Undergrad: 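This is the structure, below, for whatever I ask next.
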Amino acid sequence: MVGVEVVQGSIDFPYVPGLLSFRESPLIIEACERLSVTPDLVFVDGQGIAHPRRFGIAAHLGLLLDIPTIGCAKSRLCGTHRELGIEAGCFEELTDDNETIGVALRTRHGTMPVYVSIGHKIGLEEAIYWVMKCCRGYRLPEPTRLAHQVAGGNLNAGT
DNA sequence: GCGACAG
DNA sequence: ATCTTGTCGC
């Protein structure tokens, strides 16, 4: 990895399904502003437009930062989809109110799918491509995995 | 009125 | 999200 920035701060907004951005965006934006290298693409642990009002945290952050973002959530917020194949790479459209809002994507054989939706300045096909490309045998994309570990203090900003 | 509900 | 060891599978 080329860089890591961790910020600390108090959270004032509660977790409310559909309003995750109000809770997590402030600190995330702070961390992004401290990055010495501007990301070409950001993987957000949450929904992009696969949101009741089509504006999940990934879409919100992408717009504010004016950077391409992908929403790659570990579970579904809204929408429905058919059952998907068990092999890595299989996916099904995530639909809500008769419109495609993303996909349920099996990133690894036999594991629960992730929910991919466009955030900002990227198409769904391309988003799926980059998520699969960055998973490297794991269920979640590497940027998300590393962020989780660093934030949890299980990895140093250099390893 | 009864579930569902990103992290 | 968080609590949390061992255990099942490649």
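Here is how names work: the chains are called A, B, and so on, in the same order as the sequence lines, proteins then strands, and each is numbered from 1. In this text, all values refer to a predicted model and were calculated from it rather than measured experimentally.
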Undergrad: Return the value, rounded to whole Å, for the distance between atom CG of Leu94(A) and atom P of dA6(B).
TA: 13 Å
Undergrad: It should be established whether Ser75(A) places a side-chain nitrogen or oxygen under 4.0 Å from OP1 or OP2 of nucleotide dC5(B).
TA: no
Undergrad: Nearest heavy-atom pair of Leu84(A) and Pro113(A): which atoms, and what distance?
TA: CD1-CB, 3.9 Å
Undergrad: Check the distance between dA6(B)'s C1' and Ile101(A)'s CD1 and give it to me in whole angstrom.
TA: 12 Å
Undergrad: Quick check: does any side chain N or O of Arg106(A) sit under 3.5 Å from a backbone N or O of Gly85(A), one acting as donor and the other as acceptor?
TA: yes
Undergrad: How is Ile11(A) classified with respect to the nucleic acid when contacts are heavy atoms under 4.0 Å: base, sugar-phosphate, or nothing?
TA: nothing
Undergrad: Distance check needed: dG7(B) P versus His51(A) NE2, whole Å only.
TA: 13 Å
Undergrad: Which part of the nucleic acid, if any, lies within reach of Gly110(A) when heavy atoms closer than 4.0 Å are counted: base, sugar-phosphate only, or nothing?
TA: nothing
Undergrad: Does Gln47(A) reach the main-chain N or O of Ser75(A) with its side chain, forming a donor-acceptor pair under 3.5 Å?
TA: yes
Undergrad: So which heavy atom on Val6(A) is nearest to which on Arg34(A), and how close?
TA: O-NH1, 4.4 Å
Undergrad: How close or far is atom C1' of dA4(B) from atom CG of Asp96(A), stated in whole angstroms?
TA: 12 Å
Undergrad: So is the aromatic ring of Tyr15(A) stacked onto the base of dG7(B), judging by whether the centres are under 5.5 Å apart and the planes are under 30° apart?
TA: yes
Undergrad: Measure the distance from CZ on Arg53(A) to P on dA6(B) and round it to the nearest whole Å.
TA: 13 Å
Undergrad: Looking at the rings of His81(A) and Tyr115(A), which for Trp means the six-membered one, are their centres under 6.0 Å apart?
TA: yes
Undergrad: Mind checking which stems touch DNA chain C? I mean at least 3 consecutive Watson-Crick or G-U pairs, both distances under 3.5 Å.
TA: none
Undergrad: Rounded to whole angstrom units, what separation is found between the CG atom of Leu20(A) and the C1' atom of dA6(B)?
TA: 6 Å
Undergrad: If you assign Arg108(A) and Lys74(A) each to the DNA chain C nucleotide with the nearest heavy atom, which residue ends up on the more 5' nucleotide?
TA: Lys74(A)
Undergrad: Among Ile29(A), Ile67(A), Val42(A), find the residue that satisfies the side chain to side chain contact (heavy atoms under 4.5 Å, CB included) test when tested with Leu61(A).
TA: Ile29(A)
Undergrad: From the options dA1(C), dC5(B), dA6(B), select the nucleotide whose nearest atom is closest to the side chain of Arg76(A).
TA: dC5(B)
Undergrad: Do other residues, nucleotides or ligands put more than 12 heavy atoms under 6.0 Å from the CZ atom of Phe13(A)?
TA: yes
Undergrad: Roughly, in whole Å, what's the span from CD1 in Ile57(A) to P in dA1(C)?
TA: 13 Å
Undergrad: How does DNA chain B look in dot-bracket form if you count Watson-Crick and G-U pairs under 3.5 Å, write [ ] for pairs that cross, and put | where a base pairs with another strand?
TA: .......
Undergrad: Could you state the atom-to-atom distance from CG of Leu19(A) to C1' of dG7(B) in whole Å?
TA: 12 Å
Undergrad: Any idea how His60(A) and Phe55(A) line up, ring-wise: parallel (<30°), tilted (30 to 60°), or perpendicular (>60°)?
TA: tilted
Undergrad: Could you tell me whether Arg82(A) atom CZ has more than 12 heavy atoms of other residues or ligands within 6.0 Å of it?
TA: no
